[in-house]
Structures are given as C-alpha cells and as structure tokens.
Amino acid sequence: MYAIVRAGGRQEKVSVGDTILINRVKGEAGDAVDLTPLLLVDGSTVTSDADKLAKVSIKAEVVGPAKGPKITIMKYKNKTGYKKRQGHRQPLTQVKITDISA
C-alpha cells in the first residue's frame with residue numbers, strides 16, 4: 001500500500017516506514033504530523049475520490065531538522081564594478097511515515 005501526499009507544496013509518494021524531507025514544520029523530534037492524501041493505492045484498488053480520501057489518515061513522526069542543498073546566487077553587472085554573492089540553504093524537516101489507515 002502506498003499513497004501520494006501533499007507535503008509543503010509538493011507531492012510525495014510514501015509508504016509505511018519511508019523517511020522523507022518536507023518543508024519545515026513546527027514540532028520537536030517524536031511529535032506526530034498528519035499529511036493530506038491525494039491518492040491511495042492498495043493492491044489493484046486506486047482511490048482518488050475526495051469523499052473517500054477524507055476518511056484516510058496518514059500519520060508521520062518528526063525525526064528531526066535538516067537542511068537542503070547549498071544554492072549560490074551570483075549577481076553581476078557588466079562595466080560597473082557591481083557583483084554580489086549570496087548563499088542559501090532551505091530549512092527542512094525529516095519525517096518518517098508511521099501509519100496509513102483507510
């Protein structure tokens with residue numbers, strides 16, 4: 001059984017026991033998080049109806065904070081002596097899927 005969930009503006013394919021990175025959520029390690037299902041696949045049964053998906057719950061446990069890859073931003077204007085370098089690492093949260101119940 002697996003599900004497609006909405007997690008922080010993106011869609012992720014998850015099953016029980018998977019560990020995924022999502023946009024930062026409030027909570028300490030060990031806290032529970034509920035994810036919104038968009039699609040549920042159980043063997044040959046595919047559920048995409050919104051009324052049936054409202055009864056499905058996908059529970060995840062916060063493992064801890066994480067950081068995304070380093071992104072380098074360079075700004076440069078020709079012939080003016082202007083250049084600027086900036087970096088960014090997106091704060092993320094690592095969560096482990098504990099339960100998918102239909």
Side-chain angles (χ1 to χ4, degrees):
M1 177 189 303
Y2 70 90
I4 307 294
V5 297
R6 177 174 294 140
R10 295 185 313 188
Q11 295 177 5
E12 300 278 345
K13 177 183 174 184
V14 298
S15 58
V16 175
D18 286 352
T19 303
I20 61 171
L21 289 172
I22 61 173
N23 282 346
R24 183 169 57 184
V25 295
K26 292 182 179 180
E28 300 293 323
D31 289 352
V33 176
D34 290 330
L35 300 174
T36 306
L38 301 175
L39 183 79
L40 180 68
V41 178
D42 188 9
S44 62
T45 306
V46 178
T47 305
S48 62
D49 184 36
D51 294 333
K52 292 180 183 175
L53 286 175
K55 299 172 186 164
V56 175
S57 69
I58 298 175
K59 305 226 184 275
E61 177 184 339
V62 175
V63 176
K67 287 186 177 179
K70 176 89 172 200
I71 297 172
T72 304
I73 300 124
M74 288 291 298
K75 294 182 179 181
Y76 175 78
K77 292 200 185 283
N78 196 14
K79 301 177 187 172
T80 62
Y82 173 77
K83 59 184 175 181
K84 181 179 179 183
R85 187 177 132 232
Q86 183 179 357
H88 176 76
R89 288 188 76 181
Q90 183 71 23
L92 303 171
T93 301
Q94 189 174 16
V95 297
K96 182 175 182 178
I97 307 301
T98 56
D99 184 37
I100 297 175
S101 61

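- Listed by first then second residue, pairs satisfying salt bridge (Lys or Arg N to Asp or Glu O under 4.0 Å) with a partner in residues 92-102 number zero, not counting sequence neighbours.
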Quiz: residues 42-57 side-chain donor-acceptor pairs under 3.5 angstrom, not counting sequence neighbours:
from: S57; atom 1: OG; to: S101; atom 2: OG; distance (Å): 2.7

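- Side-chain contact between L40 and I100: present, with at least one pair of heavy atoms (C-beta onward) separated by less than 4.5 Å.
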Please report, to 0.1 Å, the donor-acceptor pairs under 3.5 Å made by any side chain of residues 76-89, with sequence neighbours excluded.
from: T80; atom 1: OG1; to: K77; atom 2: O; distance (Å): 3.3
from: T80; atom 1: OG1; to: Y82; atom 2: N; distance (Å): 3.4
from: H88; atom 1: NE2; to: Q90; atom 2: OE1; distance (Å): 3.0
from: R89; atom 1: NE; to: G68; atom 2: O; distance (Å): 2.9
from: R89; atom 1: NH2; to: G68; atom 2: O; distance (Å): 3.3

Which atom pairs, one a donor and one an acceptor, fall under 3.5 Å between side chains of residues 12-29 and the rest of the protein, sequence neighbours left out?
from: E12; atom 1: OE2; to: R10; atom 2: NH2; distance (Å): 3.4
from: S15; atom 1: OG; to: D18; atom 2: OD1; distance (Å): 3.4
from: S15; atom 1: OG; to: D18; atom 2: OD2; distance (Å): 3.1
from: D18; atom 1: OD2; to: S15; atom 2: N; distance (Å): 3.0
from: N23; atom 1: ND2; to: G8; atom 2: O; distance (Å): 3.0

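- Separation of atoms OG1 (T98) and CD (E61) is listed at 6.5 Å; rounding is to 0.5 Å.
- Linking ILVMFWY residues whenever their side-chain heavy atoms come closer than 4.5 Å, directly or via other members, leaves L39 and M1 in distinct clusters.
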